2 protein chains.
Amino acid sequence: MGFAANFPGTDGLLEQLENSSKPEDFQEVSVALRDHYAIAHLVYHWVSADGEQFGCGTYDPVWVQRYVEKGYLRIDPVIQGCYQRFHPVDWKRLDWSSKAARAFQKDAIGHGVGNQGYSIPIRGPNGQFALFSLSHNCNDETWQLFTESNRRELILISHAFNQKALELEPGRKPEPAQPLSPREVEAMTLLAVGYSRAQVAETLSISEHTLRVYIESARFKLGAMNTTHAVARALSRGLIVV
Amino acid sequence: MGFAANFPGTDGLLEQLENSSKPEDFQEVSVALRDHYAIAHLVYHWVSADGEQFGCGTYDPVWVQRYVEKGYLRIDPVIQGCYQRFHPVDWKRLDWSSKAARAFQKDAIGHGVGNQGYSIPIRGPNGQFALFSLSHNCNDETWQLFTESNRRELILISHAFNQKALELEPGRKPEPAQPLSPREVEAMTLLAVGYSRAQVAETLSISEHTLRVYIESARFKLGAMNTTHAVARALSRGLIVV
DNA sequence: TGGACCCTCACCATTTCTGGGGAGTTGGAA
DNA sequence: TTCCAACTCCCCAGAAATGGTGAGGGTCCA
C-alpha cells in the first residue's frame with residue numbers, strides 16, 4: 001500500500017526527503033515541490049531554543065536577509081499567529097490589522113512573496129518552532145481549493161521536513177539534558193507556578209535551607225545563572241510541566 | 001482525489017473525526033480505529049498548561065485510574081521519552097533501564113497494555129503535550145511491519161485528533177493570552193536566558209527603574225506572582241522564544 | 001480631542017535570593 | 001563492602017528583587 005496513486009509526483013519527493021541526510025537536500029526538495037505544485041514559493045524553517053535558525057526554500061535571498069535585518073520575526077503575523085496555533089492556517093485568517101503588519105505585507109509582496117499563503121506550524125520539545133509555508137499569487141477561491149485538496153498531503157510533507165530537521169538539528173547535542181532529581185523537579189515546578197522559596201519549602205515540608213540546595217543543584221545541572229533562568233531552561237527542555 | 005483507495009476503512013473514520021464536535025466522538029472513533037487495526041489498544045490524550053488532562057481510548061478504566069493515582073506520569077518512559085522527541089517512536093526504543101520503569105511496565109502489562117507500543121507525540125503552543133498511542137501483543141517483527149506500513153496514515157490520524165482536541169480544549173478560554181508590548185517581550189526574553197535586572201537594563205539601554213516597570217507590567221498581564229512565574233508563563237504561552 | 005497604551009525615569013523600605021562554608025543519613029549501584 | 005547520589009539540616013552576610021506611588025512624554029484610534 002503506497003501513496004503513489006494518490007500523490008502522483010510528490011511520493012518520490014517525500015521519500016527523497018525522508019531519506020535525505022544533508023541540509024542541501026532540503027533546498028533541492030523545496031524547489032522540486034514548488035515546481036510540482038506550480039506555486040510561487042515553498043519554504044521551511046525553524047528556530048531552535050538558542051535562537052539559531054535553519055531554513056530552506058524558494059524565497060529570494062534578498063528578502064530573507066531583509067526579513068532578518070528588519071526584525072520581521074517579531075512583526076510577521078504568520079509567525080505571531082502560528083505561534084498560538086499548531087495547525088494549518090491560511091494567511092488571510094491571521095490578524096493583519098496593525099500598521100506594522102500591513103507595512104510588512106506590502107514589503108513582502110514587493111519582494112516576490114505571493115498574496116496568498118498557507119502555513120503549517122509545529123513545536124519541538126526544546127522550544128523549537130518550525131513553519132512550513134506555501135505562497136502563491138491567485139484569488140481566494142483558487143487558493144482555498146488548492147490548499148484544501150492538498151491538505152493531507154501537505155501535512156505529511158511538513159512532517160517529513162520536521163522529522164529530518166530535528167534529526168539534523170545542531171542545537172541538541174551540546175545540552176544532553178541532564179536529568180533532575182525528583183526533589184529538584186518538584187522544586188522547579190513549584191517555582192514555575194509562582195511559589196516563593198518559603199512557600200515551596202513549606203509545600204514540600206522541608207526547610208528552606210534544604211530547598212536552596214535543590215535549587216542550586218538544579219541550577220548547576222541546567223547551567224543556569226539564576227533561578228529564573230533555571231526554571232526557563234527546565235521548561236524549555238521539558239524537564240518540568242506547568 | 002481522496003484517501004479511500006489507500007486507506008480502506010479508515011478514511012471514513014478520519015472524516016468522522018475531522019467533523020466531530022463532542023468529546024464523546026473521540027471515544028467512539030478510538031474504539032472503531034482499534035477494531036479496524038485489530039490491535040489491543042488505541043489511546044489519545046493530552047495535558048494542558050494547567051495540568052488538566054483530557055483523553056480517550058480503549059484502556060481499562062481501572063488502569064487509567066491507577067496510572068493517575070500512582071503518579072506514573074512521572075515514571076512512564078513513554079511520557080519521558082516522547083517529551084524529548086516529537087516524532088513517532090516505538091516503545092522498545094525508549095529507556096526502560098531504571099527499576100521504576102520496569103516495575104511500571106510489568107504493572108501496565110498486567111492491566112492489559114500490550115508488550116508492543118507506538119506513540120506519536122505533539123506539543124501545543126501553551127505547553128500542551130499530547131500523545132497518540134497504539135499498543136498490541138505481538139513480536140517485534142510483526143509490530144514493526146505494522147507500524148511502518150501504516151506510519152503515514154497514523155500521522156494523519158494523530159493530526160486529526162490533535163486538531164479536534166485543541167479546538168475543543170477547555171483550558172484556552174480563561175487565559176486569552178494578553179499580548180506583551182515589544183519592550184516587555186524583550187525584557188522577559190532576556191530574563192529567561194539568565195540576565196539579571198541590571199544586565200537586562202544595560203542591554204536594553206534603559207534604566208533599571210524603567211525595566212522594573214516592564215517586568216511588573218508583564219507580571220500583571222500574565223497574572224504572575226513574581227518574575228520567575230511571569231517568565232514561565234510567557235514561555236508556556238509562546239509569548240517569548242528562548 | 002480625549003482615552004488608552006507604550007516608553008521613560010525616580011524615590012522609599014522591605015523581602016527575598018544568592019554565595020560561601022560544613023555535616024549527617026539513607027539507599028541503590030559497582 | 002564501598003562508593004556515590006540523593007535527601008536533609010544549619011550558619012553568615014551581601015546582593016538582588018519587590019511593592020507601592022508618582023510623573024512626564026509619545027503614538028494611535030475612535
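Predicted, not measured: the structure shown is a model, and the values here were computed from it. Here is the naming used below: chain letters follow the sequence lines, and residue numbers restart at 1 for every chain.
- Taking every heavy atom of residues 198-209 of chain B and every atom of DNA chain C, pairs under 4.0 Å involve Ile206(B), Ser207(B), His209(B), by number.
- The phosphate of dT8(C) has OP1 or OP2 within less than 4.0 Å of a side-chain N or O from Tyr214(B).
- Rounded to an integer number of Å, the gap from Glu216(A) CD to dA6(D) C1' is 16 Å.
- Between the side chain of Gln116(B) and the backbone N or O of Asn137(B), no donor-acceptor pair lies under 3.5 Å.
- Checked for salt-bridge contact, Glu202(A) and Arg197(A) miss the test: no charged N lies under 4.0 Å from a carboxylate O.
- With respect to Glu216(B) and Arg212(B), a salt bridge is recorded, a charged nitrogen being found less than 4.0 Å from a carboxylate O.
- With hydrogens and angles left out, the side-chain atoms of Tyr195(B) and Asn226(A) include no donor and acceptor closer than 3.5 Å.
- Rounded to whole Å, atom P of dT8(C) lies 9 Å from atom CD of Glu186(B).
- Atom-to-atom, CD1 of Ile215(A) to P of dT16(C) comes out at 13 Å; the value is rounded to the nearest Å.
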I'd like a table of atom pairs between the protein and nucleotides 25-30 of chain C - only N or O on both sides, under 3.5 Å - with the distance next to each one.
none

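- Here the side chain of Arg183(A) is nearest to one of dC7(D), dC9(C), dC9(D), namely dC7(D).
- One can place CZ of Arg212(A) at 18 Å from P of dC7(D), the figure rounded to the nearest angstrom.
- Distance alone, capped at 3.5 Å, places no donor-acceptor pair between the His136(B) side chain and the Gly114(B) backbone.
- Straight-line distance from the CG atom of Asn226(B) to the P atom of dG19(D): 8 Å, rounded to whole Å.
- In summary, the side chains of Thr227(B) and Thr228(A) do not present any donor paired with an acceptor at a separation below 3.5 Å, with no hydrogens or angles considered.
- Atom OH in Tyr195(A) sits roughly 22 Å away from atom P in dT15(C) (whole-Å rounding).
- dA17(D) atom P lies 13 Å from atom CG of Leu190(B), rounded to whole Å.
- No option in Ile240(B), Thr203(B), Val185(B) other than Thr203(B) meets the side-chain contact (heavy atoms from CB on, under 4.5 Å) test with Leu190(B).
- Within the 4.0 angstrom heavy-atom criterion, only backbone atoms of the sugar-phosphate kind lie near Ser181(A); the bases stay farther away.
- Between Arg197(A) and the phosphate of dC17(C), there is a side-chain N or O to OP1/OP2 separation shorter than 4.0 Å.
- Remark: Lys221(B) is not in phosphate contact with dC5(C), judged by side-chain N or O atoms under 4.0 Å from OP1 or OP2.
- With sequence neighbours excluded, the residues that form a salt bridge (charged side-chain N to carboxylate O under 4.0 Å, His left out) with Arg183(B) are Glu186(B).
- Using a 4.0 Å heavy-atom cutoff across all strands shown, Thr227(A) reaches sugar-phosphate atoms only and no base atom.
- Counting only distance, with no hydrogens or angles, the side chain of Gln199(A) and the backbone of Ser196(A) share a donor-acceptor pair below 3.5 Å.
- Phe220(A) places its CZ atom 12 Å from the P atom of dG20(C), with the value rounded to the nearest Å.
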